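I have placed the structure first, in the form of structure tokens, so that the comments after it can refer back to it.
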Amino acid sequence: MILMIEMHKVDVVYDDGNVGLKGIDVHINSGEIVYITGHSGAGKTSLLRLLYGDLAPSRGIVRFDNRIISHLRSKGIAYLRREIGVVFQDLKLLEDKTVYENLMLPLEIFYLQKNLIQERIYSLLKQLDIFTHRDFPVKKLSGGEKQRVALARALINEPMLILADEPTGNLDSKNADKVMDIILRKSSKGSTTLIATHDQRIIKEYPGRVIHLDHGMVTYDSGGKRNQSVG
Amino acid sequence: MTAVGKGIRALDKFTHTFSKGLIIFFDNIRGNMLSVFTITTLIFFYLAVFSVNYSATKAIDKLTDIKTISIFIEEGVEHSDMLNRLSKLQMPVSFKLFDKQAAKDRVMKLVPGAKNIEKLPVELFPEFIEMTMADYAAQDGLVFEVAKEVEKVGGVRTVEYGKRVGEKLSKVKYTSFIFMLFISILTGISVAVVIFNTIRLNLYRTQKKIMIYKLVGATKSFVIIPYMFAAVLEAAFSYLLAMLANHLFVLGVEKYLLRDSYFFLFTPPMPLYGFFYLLLTATAVTSAFICVYSFLIRLKSINEA
């Protein structure tokens, strides 16, 4: 097993003095599926933000694929993000643009030729069962379809790490299962996956390592060493 | 990667950046056509003022050509006699005689569009001898000395030379230079501000898209360079319109206002047009860079989008 993510004594304190994370010590190996659980405000999103370089730790080290993220400069962060696929809780899709145009964005940065871009997008859309919606504006899609588009955008560059923030949050169980099937299918090809979720049903149905956060601290880790009080 | 592979990749990069720049340029035109008109007006104003200034400076230069002295001779004095007398002064000069027809031709050459002057009878144009100092001797003091000597020669009615005029007009030239410098700086700042604001508006319109680009790993240069391209296109488009407007302005002034004047207007020569274009492009590119860069710095977090 190759160590993919290492967080060592990580604290996050926001400008307003609120503590986001405290004393986080986590090691995640390549190919692992990890659920980050906890109540709202427990620090799940902050933990994901640390990993895609959108938040810097106030203390401690966050290492991804042997790179210390807080030491990376702007260009380094950009290259790091090319290896990470992120699904946001609020999806962050361009509602007025079509599904195809939304999926073009991550490919454009590689200056790929149009035919290559089309080939990749069509192939993924077929796998995700939304090929027929490719020319629809995102705003015309249902919640489940939008979720799959957001997932497609995260997966299109075949990332080493998939970060998903409540990917099944607003979905019925049928759509939630579809989304999880897709994530796990990709994960089985070697991607490391971190899913922040409240959904206990998903955790039971699709087993993986569980890290529980409470008030910014890890209170339970089913796969690693236990920290502080054990939940 | 092979050299060919690198070449293809560079071409893909250029094509992508150019097409993005083109899209932003058309977006700017659609979203803020006023900015193109504003830049065009600013540059036209600048070029028009420059044309008038440039023409005035050229006219002053002609008036104050200190190498030449015009000698007007009295009626009845033979040209050959006068040339003999002048050559006895033994000075480093050359002479050229302008009879009445040559004097008229000279005026017509200076004012090619003056049709009324062309109709005047040749007798009205005074004969004169133009004395040109050798380059090495064309110093202010020496020209003055020579003019004084020539005035003493019998048969000479009047002597005209540019030194005194030049002294008076040099201040005018200096003032006009300072004025143009001031106008240049003002125009440059105004163009930079207009381009900055146009791009800033576009950035706010596409803020979410830019943040998604950042999220998926776009570098700063990936975002900034197309805006710089768009600024170059906007500058080029506005400059072409302004050049055209300036040519029409000069033609109109020549045809209707300065028809029979000794003063006539020049458009700046092509190298100067090219120089102005380079300055404008540099201003536009710098403004675009600062605008997008500061925007990206300010919007640090993806979660702000």
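Every chain is numbered from 1 and lettered A, B, ... according to where its sequence line falls, protein lines coming before strand lines. Computed from a prediction, not measured in an experiment: that's the story for all the values here.
- Within the 4.5 angstrom heavy-atom criterion, no atom of A:E83 approaches chain B.
- To the nearest 0.5 Å, atom CG of residue B:L215 and atom CD1 of residue A:I84 are 10.0 Å apart.
- With values rounded to the nearest 0.5 angstrom, B:F222 atom CZ is found 5.5 Å from A:E108 atom CD.
- Considering only heavy atoms from C-beta on, A:K97 stays 4.5 Å or farther from B:I212 through its side chain.
- Taking the six-membered ring where the residue is Trp, B:H16 and A:Y111 present perpendicular rings, their angle passing 60° and hence far from 30°.
- Proximity to chain A (any heavy atom under 4.5 Å) is restricted, for B:T17, to the side chain, taken from C-beta onward.
- Listed for the A:R81 side chain is a donor-acceptor partner under 3.5 Å among the backbone atoms of B:K214.
- Looking at heavy atoms from C-beta onward, A:Q113 lies in side-chain contact with B:D12 at the 4.5 angstrom threshold.
- Proximity to chain B is absent for every atom of A:I77, based on heavy atoms less than 4.5 angstrom apart.
- For the pair A:A78 and B:A218, the tightest heavy-atom approach, listed with the atom from each and the gap, is CB-O, 3.6 Å.
- For A:H215, the NE2 atom counts as loosely surrounded, since its 6.0 Å shell holds 12 or fewer non-hydrogen atoms of other residues, nucleotides or ligands.
- Here A:E101 contributes atom CD and B:K209 contributes atom NZ; the two are 7.5 Å apart, rounded to the nearest 0.5 Å.
- At least one side-chain heavy atom of A:R82 sits under 4.5 Å from a side-chain heavy atom of B:T219.
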